Structures are given as structure tokens and as C-alpha cells.
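Comments concern the structure below.
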Amino acid sequence: MKHWIEAARLRTLPLSVSGIIVGSMYALANPTENILTPTEVFSWAIFGLALLTTLGLQVLSNFANDYGDGIKGTDNEDRIGPKRAIQSGVITPQAMKKAIIITSIATLIAAILLIYESFADTNILYSLFFLVLGVAAIISAIRYTVGKSAYGYHGFGDVFVFVFFGLVSTLGVHFLYTKQLDFNLFLPAIAIGLLSTGVLNLNNMRDEVSDRKSNKNTIVVKIGGENAKKYHYFLIITAMLLVVIFAVISQYRLDQYLFIIAFIPLLKHLKTVYNNKNQKDLDPELKKLALSTFALAILLSICMVSFIQDLFVNLFLGGR
């Protein structure tokens with residue numbers, strides 16, 4: 001069990017649910033015209049199933065990454081980060097393959113229940129769209145490093161992370177509540193996507209040497225370490241700016257800028273990356289950046305729901 005928990009990489013899980021939290025709280029704070037109260041738009045069932053689906057997708061991605069890099073030999077003695085399960089031999093490729101299948105099925109079941117909870121039989125087209133989206137997410141999570149045409153080996157991993165853990169996670173869960181898009185939400189959705197991509201970029205910066213030797217052509221391998229740093233600055237700084245612009249557009253009061261507290265560890269992280277000379281020292285930054293993104297999501301959500309105390313009283317006493 002210990003080895004499976006390590007293979008699931010728990011430190012990545014808070015990052016994966018950041019978009020779900022932001023999208024859910026935005027729906028709670030901004031009831032649509034055809035919905036009278038926040039408690040009518042928010043559903044604990046949708047929230048819980050969305051979390052399960054996203055966590056399943058993240059664990060699936062981690063298992064598949066371990067399997068794909070393990071059988072290709074990408075995880076070798078040159079790798080700087082903690083040893084993977086297949087690399088160290090504590091889990092066999094056959095066992096990991098079974099885990100990938102089981103996790104895929106469990107994630108798909110959670111996604112189907114989520115879709116049904118949101119739409120039931122009232123909108124078949126929306127249901128089909130989200131079902132296709134869910135299947136695409138599962139396939140993409142596996143194909144990142146698994147197979148001869150694994151797109152993670154051609155520099156497209158950043159796109160997957162940005163789209164599914166940023167845009168789809170944030171905008172998708174909001175749509176499941178409200179059945180409509182809110183274009184203001186694109187700003188924090190893009191920000192979460194950029195920060196999530198930053199975690200992947202940091203991982204690839206750490207593994208540049210071993211990835212290059214294994215022909216895993218990540219963006220870092222393609223553009224080089226120094227340019228990867230500049231790319232990293234762009235991801236983090238742009239994300240912070242987008243969140244501030246979102247707050248300005250939303251006409252936040254001064255006390256609603258509490259989320260800026262999360263910028264402190266992000267700026268410290270950028271300083272560490274700027275001064276970095278040893279790729280091994282980047283490994284602890286992965287957890288810091290992931291938790292900083294999660295903290296930003298939590299603080300931004302609290303700031304969105306400026307009347308959060310009244311809302312939670314309504315939710316727990318009269319909400320569903």
C-alpha cells in the first residue's frame with residue numbers, strides 16, 4: 001500500500017482540484033439569472049463527484065507516467081527526482097498496467113455519475129459532450145507517456161495540463177452547476193491552467209538531462225534550460241496578473257484582495273528558480289508551487305464569496 005500511495009504522488013493532488021474549487025465557488029457566488037439563490041445553483045453531489053473525477057484523472061496520469069517512462073527506460077540512474085515505482089522495482093509493469101485500467105474505469109464511472117447528477121435526462125447533447133470530454137481526458141492522461149506516439153515525448157504535455165486542469169476543470173464544473181458559460185471566469189481558469197503547466201515545466205526542468213538522453217523531447221529539452229526559465233517566469237507572472245485583472249473586472253472591494261497573500265510564496269519560488277544552478281534543487285519547488293496554487297485557489301474562492309458566512313449558514317441549514 002505504501003508503494004501505491006507513493007506512485008499516486010499525493011503532492012500533486014491539491015493542485016489538480018484547484019480548478020474545481022474556483023469554478024464551484026464562482027458558481028456559488030454568481031447565481032445565474034434563472035436561478036434565484038446561491039443554494040439552488042450549488043450542489044454538494046456535483047462538487048464531490050467533480051473532485052473524485054479530477055483526483056481520479058490525476059492519479060491515472062501519475063500511474064500512466066510511471067508506467068510509460070518506466071518501460072521506456074526514461075526513468076533511469078540519471079533521473080534527479082525521487083525514484084518511481086517501476087524504476088525502483090517495487091511495482092511490476094504488469095501490476096501498474098492493471099492499476100491504470102482499474103483507475104480508468106473508476107474515473108469514468110465517477111464522470112458518468114457527475115454528468116447524470118448535473119443533467120439527468122434533461123439535456124442529452126450536454127451529457128454526450130461531457131461524456132466525450134471525460135473519455136478524451138482519460139485517454140489523454142494515459143497517452144502522455146504510454147505508447148509509441150506518446151505526446152509527452154513530443155512536447156505537448158503542457159497543452160494537456162493547461163486544457164484539462166485549467167480550462168476544463170474550472171469552466172467545466174461551473175457549467176455543470178449553471179448550464180452556461182461566464183466569460184469572466186476564463187481569467188482565473190487560464191491562471192490555474194498556467195500555474196498547473198508551471199508545475200509540469202518545473203518537473204521537466206529538473207529532468208532535462210535524463211529526458212534529453214532518453215529522447216523525451218519536452219518543451220524544456222527543445223528550448224533549453226535558460227529559455228525554460230523565461231517560459232516559467234511567463235507562466236507564473238501571467239497567472240498572477242490575470243487573477244488581479246479578474247478581481248478588478250469583478251469590482252472587488254479592498255478586503256476581497258486577500259488572495260494576494262498567495263503571491264508571496266509564488267514570488268519567492270520565482271526567485272529560487274532565477275538563482276538556481278543545480279537542477280536537483282528544483283525538486284522541493286514542485287511541492288511548493290503546487291501548494292501555492294492550491295492556496296491561491298482557496299483564497300480566491302473565499303474572496304469571490306464575499307458573503308461566505310451567510311452562504312455557508314444557508315448551505316448547511318437549508319441547502320442541499
Side-chain angles (χ1 to χ4, degrees), residues 16-61 102-142 160 162-190 192-193 246 250 297 300-301 304-308 310-320:
S16 67
V17 300
S18 295
I20 298 297
I21 293 171
V22 170
S24 297
M25 292 302 104
Y26 187 81
L28 184 60
N30 297 274
T32 55
E33 291 181 1
N34 60 322
I35 298 174
L36 299 177
T37 66
T39 52
E40 289 178 311
V41 69
F42 186 81
S43 164
W44 285 110
I46 291 177
F47 183 64
L49 288 168
L51 288 177
L52 282 176
T53 303
T54 304
L55 289 172
L57 187 62
Q58 180 65 64
V59 172
L60 173 62
S61 180
I102 293 171
T103 308
S104 298
I105 294 172
T107 303
L108 182 59
I109 291 173
I112 291 172
L113 291 173
L114 173 61
I115 294 166
Y116 182 79
E117 179 65 30
S118 179
F119 302 113
D121 54 356
T122 59
N123 198 312
I124 301 300
L125 288 179
Y126 284 162
S127 296
L128 288 175
F129 173 77
F130 275 92
L131 180 60
V132 170
L133 197 62
V135 172
I138 291 171
I139 293 173
S140 297
I142 297 172
F160 164 74
F162 175 76
V163 170
F164 285 103
F165 289 105
L167 300 182
V168 173
S169 178
T170 311
L171 298 172
V173 74
H174 177 265
F175 191 90
L176 291 174
Y177 290 117
T178 65
K179 315 303 183 288
Q180 56 186 261
L181 284 174
D182 189 314
F183 289 98
N184 284 348
L185 188 59
F186 271 86
L187 293 173
I190 292 172
I192 295 294
F246 167 75
S250 301
L300 180 60
S301 297
M304 283 179 182
V305 189
S306 58
F307 45 103
I308 194 166
D310 291 338
L311 278 174
F312 272 91
V313 168
N314 289 332
L315 282 173
F316 285 113
L317 295 181
R320 54 194 173 106

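Just so we're clear, the structure is a prediction, and the values are computed from it rather than from any experiment.
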Just list the side-chain donor-acceptor pairs under 3.5 Å for residues 162-173, sequence neighbours left out, or say none.
unit_1: Ser169; atom_1: OG; unit_2: Ile20; atom_2: N; d: 3.2
unit_1: Thr170; atom_1: OG1; unit_2: Gly166; atom_2: O; d: 2.9

Which pairs of donor and acceptor atoms, one on a side chain in residues 123-130, lie under 3.5 Å apart (sequence neighbours left out)?
unit_1: Asn123; atom_1: OD1; unit_2: Leu125; atom_2: N; d: 3.4
unit_1: Asn123; atom_1: OD1; unit_2: Tyr126; atom_2: N; d: 3.0
unit_1: Ser127; atom_1: OG; unit_2: Asn123; atom_2: O; d: 3.1

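Taking CD1 of Ile192 as the start and OG of Ser16 as the end, the distance is 11.5 Å to the nearest 0.5 Å. Separating the CG atom in Leu187 from the CG atom in Asp182 is a distance of 10.0 Å, to the nearest 0.5 Å. Atom CD1 of Ile109 is separated from atom OG of Ser104 by 11.0 Å, given to the nearest 0.5 angstrom. In this structure, CD1 in Ile138 is found 10.5 Å from CG in Leu133, a value given to the nearest 0.5 Å. The CG atom of Leu108 lies 8.5 Å from the CD1 atom of Ile105; values are rounded to the nearest 0.5 Å. Gln58 CD to Thr53 OG1: the interatomic distance, rounded to the nearest 0.5 Å, is 13.5 Å.
Using modelled atom types, no side-chain atom of Ser24 and backbone atom of Ile21 make a donor-acceptor pair closer than 3.5 Å.
For the residue pair Tyr177/Ser43, the side-chain donor-acceptor check at 3.5 Å is not satisfied.
In plain terms, the two heavy atoms of Pro188 and Phe246 that are nearest each other are CD-CD1, 3.5 Å. Nearest heavy-atom pair, Ala297 versus Ser301, reported as atom, atom and distance to 0.1 Å: O-OG, 2.7 Å.
With sequence neighbours left out, Ile102 forms a side-chain contact (heavy atoms from CB on, under 4.5 Å) with no residue at all. Looking at residues two or more places apart in sequence or on another chain, you find no side chain to side chain donor-acceptor pair (under 3.5 Å) involving Asn184. Ser118 meets the side-chain contact (heavy atoms from CB on, under 4.5 Å) test with Ile46, Leu176, Lys179; sequence neighbours excluded. In this structure, Thr54 has no side chain to side chain donor-acceptor pair (under 3.5 Å) partners at least two apart in sequence or on a different chain.
A 4.5 Å side-chain heavy-atom check between Leu300 and Met25 finds every atom pair outside the cut-off.
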